[in-house]
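Here the structure comes first, spelled out in structure tokens, and everything after it is commentary.
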Amino acid sequence: MSKTAVVTGGAGFLGSHLTDRLLAEGYRVISIDNFITGSRANIEHLTTDARFEFIEQDVTKYLNVPGDVDVIFHFASPASPIDYLEIPIQTLKVGSLGTHNTLGLARAKKARFLIASTSECYGDPLVHPQTEEYWGNVNPIGPRGCYDEAKRFAEAITMAYHRYHKLDTHIVRIFNTYGPRMRLRDGRVVPAFIGQALKGQPITIFGEGKQTRSFCYCSDLIDGIFKLSLSDFHEPVNIGNPTELTIKEFAERIIRLTGSPSQLTYEALPIDDPKQRRPDISRAKKLLGWEPKVDLETGLKLTIEYFKTRV
Ligand code: UDP
């Protein structure tokens, strides 16, 4: 009998890649999404697979699925700063009520549980690179607060279910990740810059472009998450690629790789935009024997090919 996994946010960028990996590992997958930011196109290739089942549902509402479940991956959440501005209440609800419901389902099914948390738990970090021991520098009432605080609450309630109900839980702190199936217009820097470059439009750098990010290709991230789900470790684990560059360097890289005539243009820096971000991945290396394999150049080429078919 194959094992059954539930993936919330299963039609999203990462949820759909995780579903592909779970099916490849021999799991049955029940995918749940309400398409608030997910897309049917991300799971279209799975609809003929008998081991794949899809339920259209908002996980902030009471949640149940038929039969036994071995593991639940809670990936449902808006994940782009412009989503937080447009749908702040849904963002707060899916991180809080949605996490409570999925933990309740895990408890009822005696299933393992893994929550997709985020480097945003560190806010605008004063410790660099970010280790899991760092408690963060988050503005609870700023425009990103709805996401950051929902995810911090999600981590807190996950640890409470682990400690009080003895649930087998895992927390991954996901750093900037990119790849095929991101939404072209989701506002995050990778689809924004690639879309602009492919259309020959100005590349919109926010602020002076001195802020740093470290970008992880999706297959590397999913590999780390899958390994974490099988571990016996319950505290947060950073998964990301530590190769750090400034946003200006990143824009120049995209222009070179696309061969675009686009020029750089400068816009206001969003409120609370973190000045630096790079994961310390020592914990993941030691615990899971994991580290990223896909370098930025290779991953970006694959991502650019994907977006060429969509602009
Ligand atoms: N950014 C930018 N231009 C854009 C979109 C984003 O300069 O068109 C910057 C943004 O200000 C941030 C970085 O790129 O410093 C990464 O932004 P993203 O929205 O991808 O996610 P974040 O890492 O801030 O959560």
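For this chain, numbers begin at 1 and follow the sequence in order. Both counts, for ligands and for their atoms, begin at 1 and track the order of listing.
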| request: Tell me whether Ile87 is reachable from Leu97 by hopping between hydrophobic residues (I, L, V, M, F, W, Y) whose side-chain heavy atoms are closer than 4.5 Å. | output: no
| task | Run the numbers for me: atoms of ligand 1, each under 4.0 Å from some heavy atom of Glu120, listed by number. | result | 25 (O)
| field | side chain to side chain contact (heavy atoms under 4.5 Å, CB included), paired with Gln57, selected from Asp33, Asn34, Leu63 | value | Leu63
| query | Charged N to carboxylate O below 4.0 Å: is that the case for Glu53 and Arg28? | reply | yes
| Hey, mind stepping through Phe35 and Phe54 against ring-ring contact (aromatic ring centres under 6.0 Å, His included) and telling me if it holds? | CA-CA 12 Å; Phe35 297 118; Phe54 182 75; 5.3 Å; yes
| Sole candidate of Arg152, Glu155, His170, His74 that passes side chain to side chain donor-acceptor pair (under 3.5 Å) when paired with Ser117 | Glu155
| query | Do Ile174 and Ile239 come close enough that some side-chain heavy atom pair is under 4.5 Å? | reply | no
| request: Look only at interatomic distance and state if Phe206 has a nitrogen or oxygen under 3.5 Å from any nitrogen or oxygen of ligand 1. | output: yes
| request: Find all atoms of ligand 1 within a distance of less than 4.0 Å from any non-hydrogen atom belonging to Ala192, and give their numbers and elements. | output: 8 (O)
| query | Thinking salt bridges, do Lys248 and Glu252 make one under a 4.0 Å N-O criterion? | reply | yes
| So which protein heavy atom does atom 11 (O) of ligand 1 come closest to, and at what separation? | Asp273 OD2, 2.6 Å
| message | Taking distance alone, with N or O pairs closer than 3.5 Å, would you say Val189 contacts ligand 1? | response | yes
| task | Can you pull out the closest protein heavy atom to atom 8 (O) of ligand 1? Residue, atom name and distance to 0.1 Å, please. | result | Thr204 OG1, 2.9 Å
| Protein contact of atom 23 (O) of ligand 1 - nearest heavy atom, named by residue and atom, plus distance | Arg213 NE, 2.6 Å
| query | Would you call Arg213-Asp273 a salt bridge at under 4.0 Å N-O? | reply | yes
| message | Would Ser80 count as a contact residue for ligand 1, given that I'm defining contact as a non-hydrogen atom of the residue lying under 4.0 Å from a ligand atom? | response | no
| To which protein heavy atom is atom 9 (C) of ligand 1 closest, and what is the distance rounded to 0.1 Å? | Gln211 NE2, 3.9 Å
| Going by heavy atoms, is Glu267 under 4.0 Å from ligand 1? | no
| field | For ligand 1, the portion of Ile247 having any non-hydrogen atom under 4.0 Å away | value | side chain
| task | Check whether any heavy atom of Phe250 sits under 4.0 Å from an atom of ligand 1. | result | no
| Shortest heavy-atom approach to atom 22 (P) of ligand 1 - which of Arg144, Met182, Glu208, Arg188 | Arg144
| query | What part of Val190, side chain, backbone, both or neither, has a heavy atom within less than 4.0 angstrom of ligand 1? | reply | neither
| request: Within a distance under 4.0 Å of any heavy atom of Arg277, pick out the atoms of ligand 1 and give their elements. | output: 22 (P), 23 (O), 25 (O)
| field | Steps toward side chain to side chain contact (heavy atoms under 4.5 Å, CB included) verdict (Asp223, Trp290) | value | CA-CA 8 Å; Asp223 190 46; Trp290 174 87; 3.6 Å; yes
| Taking both backbone and side-chain atoms of Gln196, is any N or O found less than 3.5 Å from an N or O belonging to ligand 1? | no
| Is it true that Ile32 and Ile115 fall in one hydrophobic cluster, defined by side-chain heavy atoms closer than 4.5 Å? | yes
| note | Taking only non-hydrogen atoms of Ile205 and a 4.0 Å limit, the atoms of ligand 1 in range are 7 (O)
| Proximal ligand 1 atoms for Asn176, defined as those under 4.0 Å from one of its heavy atoms | 21 (O), 22 (P), 23 (O)
| query | Below 4.0 angstrom, N of the basic side chain to O of the carboxylate: do Glu120 and Lys151 qualify? | reply | no
